[in-house]
Structures are given as C-alpha cells and as structure tokens.
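Heads up, the thing below is written out as structure tokens.
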Amino acid sequence: SMSLAIEGLNEVPRGDLVDYSNKFVHNYPIVMQCTMGKSEKNEARDLVIASLENTSWNTTKIATQIKTMLDKTFGAAWHVVMGDRYSFAVSHEAPSMLYMFSGNLAILAWKSG
C-alpha cells in the first residue's frame with residue numbers, strides 16, 4: 001500500500017511548514033535526500049537533469065517524462081511530484097526514493113506499487 005501526504009503544494013506556506021533546506025537557492029541541481037545506491041542515485045539524478053533541460057515543457061510534462069524514464073530504467077511503478085514549498089511523507093520501496101532541488105524547484109521521486 002502507498003501513502004502520500006503533501007502539504008502546501010503551490011500554496012503560501014504557514015510559518016511552521018516552511019522548509020528552509022533550500023534557503024540558499026543553488027543554480028545547479030542538488031540531491032537533498034536519497035535512499036538509492038551511489039550509481040543508481042547518479043543515474044536517476046542525470047535522468048531528472050536531462051528532463052529539466054526541456055525548458056519549454058511545463059512541470060506536469062517534465063514530471064511525466066521523469067516517471068517514464070525511471071520506470072524504463074529501474075522498473076515500475078515510480079511516482080514524481082514537482083513544485084515548490086511543500087513537505088512530504090511517503091512510503092516507498094527501499095531503496096528507491098530521490099529528493100532533489102534544481103534552483104527553487106523541488107523534485108520528489110519514489111517507487112511504490
């Protein structure tokens with residue numbers, strides 16, 4: 001079974017929900033949390049970065065592309081959430097969760113189901 005809680009997606013956060021981990025915005029992609037092995041993490045990160053290079057796409061299309069590539073590379077079923085100002089708690093298959101930032105855009109990907 002999968003559980004997912006996303007608070008404040010695309011909303012102005014309450015003071016107690018603000019995640020200051022991205023307080024200093026980086027102009028390069030940075031992995032914040034990952035339960036995958038080093039080579040798998042690097043491969044997943046590179047897939048995300050390649051999808052983000054399609055700057056004419058909206059976040060829904062980019063998230064769909066990331067999900068498709070992760071499914072092909074690591075097997076189904078991956079789930080992807082993108083946005084800013086959200087916190088999360090997910091149940092995922094171990095070891096298969098990636099949480100990273102690119103600028104102020106957070107990307108969360110996890111495998112479940």
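The structure presented is a predicted model; accordingly, all values stated were derived computationally and were not measured.
- Here CE of Met82 is found 9.5 Å from CE of Met100. Values are rounded to the nearest 0.5 Å.
- None of Leu70, Thr68, Ile66 except one satisfies the side-chain contact (heavy atoms from CB on, under 4.5 Å) rule with Trp78; the exception is Leu70.
- In this structure, Asp46 CG and Lys41 NZ are separated by 10.5 Å, a value rounded to the nearest 0.5 Å.
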(message) If you apply the rule side chain to side chain contact (heavy atoms under 4.5 Å, CB included), what do you find for Met97 with Leu108, and how did you get there?
(response) CA-CA 8 Å; Met97 190 273 294; Leu108 169 65; 3.8 Å; yes
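- Of all the heavy atoms in Leu98 and Cys34, the pair that sits closest is CD1-SG, 3.9 Å.
- Of all the heavy atoms in Leu52 and Ser102, the pair that sits closest is CD1-CB, 3.6 Å.
- With contacts defined as side-chain heavy-atom distances shorter than 4.5 Å, the pair Ile62/Ile107 does not qualify.
- One distance of note links CZ of Phe74 with NZ of Lys111; it measures 9.0 Å at 0.5 Å rounding.
- Taking CH2 from Trp110 and CE from Met36, the interatomic distance works out to 14.0 Å, rounded to the nearest 0.5 Å.
- Between the side chain of Thr35 and the backbone N or O of Ser96 there is at least one donor-acceptor pair closer than 3.5 Å.
- By the side-chain hydrogen bond (donor to acceptor under 3.5 Å, both in side chains) test, Asn42 pairs with Arg45, sequence neighbours left out.
- Interatomic distance, CG of Leu47 versus NZ of Lys67, reported as 13.5 Å (0.5 Å rounding).
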